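Have a look at the structure below, then the notes.
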Amino acid sequence: ETCNGMDEDCNGIIDDECGYEGGDVQITVSWNSGADLDLYVTDPSGDTLYYNEKHKRSSIGGHLDHDARGDCRREQSNPRIENAYWPPPAKTGSYRVELHYFSPCARASSTEATLSVVVERQLLGTYRFHLEHEQRIDALSFVKR
């Protein structure tokens, strides 16, 4: 398993032993440039997790535990990966995922992002997106039952 936002060993934990957590729900994004991408996840409580210190935790236990800045902060461990998780038992309901290409940092005009989602140790999918500078997209939504 490498620290790349995917579950290569198929154990239901994205990037185990890379310094961020798995859980009942885990959502991880990685990207291929020096860009600063941001992960936004709105959980069943209506709270949205993202990089702002006041928004790194949700009222139902969600946690953005790895916020990365790409080449804007190269010294950071895994600077091209962001991770959010909800420990067991994660609440049932709708989760909405957005991606935002915040800053180019290394003059990258576009970037390729890989988004992986695990629910109850089952990989829901790995999705690829192409983002341009300042673009914000609704990446996906899913319902945990």
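Remember, it's a predicted structure, so these values are computed and weren't measured experimentally.
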**Request:** Kindly give the cluster partners of Val118, where membership spreads through any ILVMFWY side chain lying under 4.5 Å from a current member.
**Result:** Ile14, Leu123
**Message:** Listing request: all salt bridge (Lys or Arg N to Asp or Glu O under 4.0 Å) pairs with a residue in residues 35-50, at least two apart in sequence or in separate chains.
**Reply:** Asp36-Arg69
**salt bridge (Lys or Arg N to Asp or Glu O under 4.0 Å): pairs with one or both residues in residues 86-95, sequence neighbours excluded** = none
Test of understanding: with side chain to side chain donor-acceptor pair (under 3.5 Å), list the residues that count as partners of [X], not counting sequence neighbours.
X: Tyr95; answer: none
X: Ser109; answer: none
X: Ser103; answer: none

Spacing of [atom1] belonging to [X] relative to [atom2] belonging to [Y], to within rounding of 0.5 Å:
X: Asp16; Y: Asn11; atom1: CG; atom2: CG; value: 4.5 Å
X: Ser30; Y: Asn83; atom1: OG; atom2: CG; value: 11.0 Å
X: Asp67; Y: Leu49; atom1: CG; atom2: CG; value: 11.5 Å
X: Ile81; Y: Leu37; atom1: CD1; atom2: CG; value: 12.0 Å

**Request:** Taking salt bridge (charged side-chain N to carboxylate O under 4.0 Å, His left out) as the test, write out the residues that go with Asp71, two or more places apart.
**Result:** Arg74, Arg80
**Prompt:** Who pairs with Glu134 by salt bridge (charged side-chain N to carboxylate O under 4.0 Å, His left out), at least two apart in sequence or on another chain?
**Reply:** none
Indicate every side-chain donor-acceptor pair of residues 136-145 with a distance under 3.5 Å to a residue at least two apart or in another chain.
{"from": "Arg136", "atom 1": "NE", "to": "Glu98", "atom 2": "OE1", "distance (Å)": "3.3"}
{"from": "Arg136", "atom 1": "NH2", "to": "Glu98", "atom 2": "OE2", "distance (Å)": "3.4"}
{"from": "Lys144", "atom 1": "NZ", "to": "Ala90", "atom 2": "O", "distance (Å)": "3.2"}
{"from": "Lys144", "atom 1": "NZ", "to": "Glu120", "atom 2": "OE2", "distance (Å)": "3.1"}

**Residues which pass side chain to side chain contact (heavy atoms under 4.5 Å, CB included) with Pro79, listed by chain and number, not counting sequence neighbours** = Gln76
**Asked** Can you pull the ring pair (Phe, Tyr, Trp, His ring centres under 6.0 Å) pairs that have at least one residue in residues 54-81, sequence neighbours excluded?
**Response** Tyr20-His66, Tyr50-His55, His63-Tyr85
Less than 3.5 Å apart, which donor and acceptor atoms pair up between the side chains of residues 110-117 and the rest of the protein, not counting sequence neighbours?
{"from": "Thr111", "atom 1": "OG1", "to": "Asn32", "atom 2": "OD1", "distance (Å)": "3.0"}
{"from": "Thr111", "atom 1": "OG1", "to": "Ser33", "atom 2": "OG", "distance (Å)": "2.8"}
{"from": "Glu112", "atom 1": "OE2", "to": "His130", "atom 2": "ND1", "distance (Å)": "2.4"}
{"from": "Thr114", "atom 1": "OG1", "to": "Arg128", "atom 2": "NH1", "distance (Å)": "2.6"}
{"from": "Ser116", "atom 1": "OG", "to": "Gly5", "atom 2": "O", "distance (Å)": "2.5"}
{"from": "Ser116", "atom 1": "OG", "to": "Thr126", "atom 2": "OG1", "distance (Å)": "3.2"}

